[in-house]
Every structure is written in C-alpha cells, then in structure tokens.
Q: 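Quick one: this structure, given as structure tokens, is what I'll be asking you about.
Note that the coordinates shown come from a computational prediction; the quantities given were computed from them, not determined experimentally. By convention here, the first residue in the shown sequence is residue 1. Order of appearance sets the numbers: ligands from 1, and atoms from 1 within every ligand.
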Amino acid sequence: MAFTLHGLPVSQGIAIGHVHLVSHALLEVNHYHVAPKHIGDELLRLDEAFATVQGELVGLKASATLGQTHSEVGAFVDLQLMMLADPMLIEAARGLIESRRCNAEWALVQQMELVVEQFRQIEDPYLRERQADIVQVVERLVKVLLGHPGHLPPRRRDGLGTVVVAHDLSPADTIGFRDHNIAGFVTDVGGPTSHTAIVARSLSIPAVVGLHHIRDLVEDNELIIVDGTRGVVIVGPDETVVQEYRLRRSELELERSKLNRLKDTRATTLDGEDVNLLANIEGPKDLPQVKAVSADGVGLYRTEFLFIGRDTLPDEDEQYEAYRAVLKAMPSKPVTIRTFDVGADKALNGNHGRVEPNPALGLRAVRYSLAEPKMFLTQLRALLRASAHGKLQIMIPMLAHAHEIDQSLALIEKAKAELRAENVRFNEAIPIGGMIEVPAAALALGMFIRRLSFLSIGTNDLIQYTLAIDRSDEAVVHLYDPLHPAVLKLIGGTIQAGARFGMPVSVCGEMAGDPAYTELFLGMGLRNFSMHPAHILGVKQQVLRADVGELAPRVQRILKMDEQARVREAVERLGG
Ligand code: PEP
Ligand code: MG
C-alpha cells in the first residue's frame, strides 16, 4: 500500500527510484566479554578495523578532491579522519577491551556514547552537530568488524535510479555512492545544515531528511518518489502517481533551462516597473554564483560567517580584504554589508562563557556589537576602508531601540574620525541602514526613518519574533507561517512607510526568494528583493509576468484580512 511521509526538504528536485536500505550497523552490535587469553586478538581486530577504515577514508578523500565541486566533501572526510585518530576513541576503546574485557564493537559503541554526550553539551550548534561524525566513524569501524560488505547498491537496468534510505549518511558514504546512479537521498535524522543536506545539494541530488523512522517502514527495492522541493516522500506509488511525478520532473528540468535564458534580462514588470534582484552572500566564496545569475548587487552580506567556528577573531585587515574582494567583484553595483549578527544560533566560540536562558532573545546582533565595542569598531573601520573600493552600504541587524541606532552611528563616527586622522581613504557619505526584524521596529518606523538611509526587512526573524517561534526549533516549525496576517501587516506597513518617506526598503529574508510571494511583495510596493542567488532567476520570471497596477489593489485587500486561510487562498490567486 502506498503511503506518504513528510520531512525536511534540503535538496531540490524530484527522484523516482527503488529503495536501497543502508543498514544501521550500530543497532546490531553484540555485547560480550572476551576470555583473558583472547584480549590480544581482540585488540588486533580493533587495530585492523582502524587501519581498514583509515585506508577507506584516505581513498575517498583522494577521489573527492579530484573534482572541485566536492571540496566540501573532502573537508568532511578530513574531519572524520581526525576523529578516527583521536585517542578519545580508539585508545579509550582499547582501554575498555583491556580493563573490562569488552568485545571491540561494544567497546567502541560505549566510547562513542561518551563522546557524543560530550558533544551534546556544546552550545555551538555547528559543533554540536558534529556528533554525527563520530557516530558515522564508529559505524564504519563496526561494519568492518562485523564483516558487512560495503553498501554500494547494484546498478539498475530499468532506467530508474536508486534512492538511498538510511538512518543517517556520512559524506564519505555519499561520495561512495556518487558513481552508482543515485537518484535521491532520504534519511531518518538530519536538518538543513546536516552533512547529508550539504553534500546532496553540492551533488544536485534531491534529498529529504528528518523523516524519523523511514528506515523501518520501507523495504529494499520498493518503489519510492522523493520530492526534495516539498519535503515529501511517497513509498509504493501506483503508476498514475509515478506518471504525475515524471511529468513534474521534466517540467522542473525544462523550467531550469528556460530560467537560465533570463540571466541577462532586466527584471521589469509588464507595466514597466523596474525591480532590483540582489544576492544574499556569506562571503567572497559565493561570488561566482552571484555573477552566474547577473544579480543587481549584494543586498545582504552576512559577515558573521567570518567570525564563527574559529578560536580567534578576524583582525581589521582580514575583514578589510574580505569586504574589498566582494566590492571589487561587483564594480558599480551596490553591496550591502551587514555588521556581524552573532549570538543565538550563530554563537562565537567561547561566547562570553555564559549559558543564555533564551539565546534568540539574548545578546545577539547589534546588542552583541554594542556590548563588545572594540570588536564592533574593528569591523566598522574595516568596512569604512573597504568603502573606498565600491558602492558599499553598512547595515545594522536587529535594531529595536533608538539608542541602539544612535550608539551605532556614534561608533561609525568614531571610526571615521580615526581613519581621517590616519589619512586613510573612505566614503564620507557611506549610507547606513538598519534591519527591520523585530516587531517593535516595524511598529515604530519613524525613529528608523529619521536616523537611517535605508531599511531591509529580515522576514526570517520578523516571523520568529512576531509569532514567538524559535526558528531553529524543529518542534514548532509548523507554526512558522510567513502569511500570518500579523506578519503581512508588519511587512506591508514597512514597505509603505518607506515609499511615503522616500526611504529605500528591501526584503532580505527567505521570503524574498520564494516565487510564491513575489506578486504579494510587488503589490505591496517592494522593488528591492535580496535572496540566495539560486532563487534570483525564478523570482525574475515572476516579476516579468507581473502587472503591478493590477496587483496593488488586490494586495491592499489581502493586507486587511485577518484569517490565515483566506490570506493563503488570496495569495495563491495572485499568481493565477
Ligand atoms: C532575517 O532575519 O530575515 C535575515 C535576513 O537575517 P538572518 O537570517 O541572517 O537572521
Ligand atoms: Mg535576521
């Protein structure tokens, strides 16, 4: 019987294929004591497994780094090699074999549980997620110890691909699958930043993660459809459903190649309104993608990625080089660089050494910057220096109070005065803007409009704070509704206030990149959208088909609605 499961869509596209179940070796581990005279043999078994896995990983690393696109994968394999060599794992497992006479598999699993528990205590979500690596390394070792054959699926001859269904997948597993006509990945665990997600995206293979128990619900070779765009998995579909998804898949492929043709077309609506489609980036590494879609500039450079995941902060020169590289790559195009938004789910290493009761409501973004004025000043100096090389604008995140704006502006003045005294060149008239991502800000726009040169609406946080939902908490993800009437009123109000006072407004949260909302935003009066470069051409297509004159009155009516279902229906009709 066919059934459908919903998980997290992490890599777009549709896959139709047969299930290849990857066994979960750790669940099959036996626990027994080794006779004292066999302890030496048991240690040897462990050492041999270690050497085999090390050899496998080194081999995978070599094959991963052959192709540039897999450099991320190479880095993950390195991480696993490091964990394999860590004395906390192998040496400690040896100790358990010697002192407690545990069999090698049992010793490894015990030690793994201990290390995983230590990882769980880590506050930094990125590092915490690395507990998956230690589990994957032990899984590999246990498979070798149990004599499991490698889990590469046979190549199929029926034209359908293979969909790998696993509890979790390591990047190393993923590369191993690379040449085996893999159509999709489906896993029980994982989130949008899990390795499976990152690797699947880099290989352009549709993937859905976080399905909880799918491994227990499907059988090898069963027919399965993976919709990596919607996060849907259909097990055992009948022929009609398969045909429907085949059609959707070819439509998607056609759509992608058609979109590429829009690259050099100006984003103008049917009634002649010009729209700017800008890119969100995390650093100079994203520039090739930005250029590939001919973005109109950078609307959001999230600089915190320069700061997190390292033990020392980047100094002024390092920051200057990164900012300048982006400006140089975008000559004569606007580049909006946001001051570091650290805190909450983007914690710095050793973040003040305090555990925050409620990180999303704690010391993050501008609050953090103002609590660390030296660090903030260093960034402001680097930004001002970079402003001599292009059209740089500085943007401050998560403002809620006038005094936060005033203090930030005072620090910018201080940085300017220092640079003047040092005879360093910078743009005296550099525009300073702020993010509207706290409801309080959207409801008290006057104090922003009076003090700043532009505004950008961060819908990700605006939704989080309006609806009181932690955006990183899987348990409340279903309540995260961009079309909640309260959210739309705050967004619409901000865009309209901007128009009234001649203040440029953009939207740079995920909503801006979703073509389902393009008409809605255009009708609200938005003309600056900033999004992940992968979404620019899709949104451009919507802009080209839109008639703002016709949309505006309909959107005004939507902004007056206060029933979620009615709003949803009306927004869907805008596109039709
Ligand atoms: C937002 O909140 O919408 C935003 C763009 O900022 P970030 O996602 O980095 O918090
Ligand atoms: Mg934000």
Q: Does D286 pair with R302 as a salt bridge, N-O distance under 4.0 Å?
A: no
Q: NE2/H389 to CZ/R324 distance, rounded to the nearest 0.5 angstrom?
A: 5.0 Å
Q: Does Y320 have R385 sitting over its ring (NZ/CZ under 6.0 Å from centre, angle to axis within 45°)?
A: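 Yes, a cation-pi geometry.
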Q: Show me a pair-per-line table, with atom names and distances to 0.1 Å, of protein N or O atoms that are under 3.5 Å from an N or O of ligand 1.
A:
residue, atom, partner, partner atom, Å
ligand 1, 2 (O), E437, OE1, 2.9
ligand 1, 2 (O), D461, N, 3.0
ligand 1, 2 (O), D461, OD2, 3.0
ligand 1, 3 (O), G458, O, 3.4
ligand 1, 3 (O), T459, N, 3.1
ligand 1, 3 (O), N460, N, 2.7
ligand 1, 3 (O), N460, ND2, 3.3
ligand 1, 6 (O), R338, NH1, 3.0
ligand 1, 8 (O), R302, NH2, 2.8
ligand 1, 8 (O), N460, ND2, 2.9
ligand 1, 8 (O), R471, NH2, 2.8
ligand 1, 9 (O), R302, NE, 2.7
ligand 1, 9 (O), R302, NH2, 3.4
ligand 1, 9 (O), R338, NH1, 3.3
ligand 1, 9 (O), R338, NH2, 2.8
ligand 1, 9 (O), K346, NZ, 3.1
ligand 1, 10 (O), D461, OD2, 2.9
ligand 1, 10 (O), R471, NH1, 2.9

Q: Using 4.0 Å as the upper bound for N to carboxylate O, is an ion pair formed by D481 and R568?
A: yes
Q: Using a strict 4.0 Å threshold on nitrogen-to-oxygen distance, state whether D274 and R527 make a salt bridge.
A: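 No, this pair does not count.
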Q: Is it true that E519 and R554 make a salt bridge, defined as a side-chain N closer than 4.0 Å to a carboxylate O?
A: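 No, this pair does not count.
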Q: With the Mg ion (ligand 2) as the centre, enumerate protein N/O/S atoms below 2.8 Å in chain and residue order.
A: E437 OE1, D461 OD2
Q: Are any of the side-chain heavy atoms of K374 and F376 separated by less than 4.5 Å?
A: no
Q: Between S294 and D264, is there a donor-acceptor pair closer than 3.5 Å when you use the side chain of the first and the backbone of the second?
A: no
Q: Pick out which of D341, L300, I337 makes a side-chain contact (heavy atoms from CB on, under 4.5 Å) with M395.
A: L300
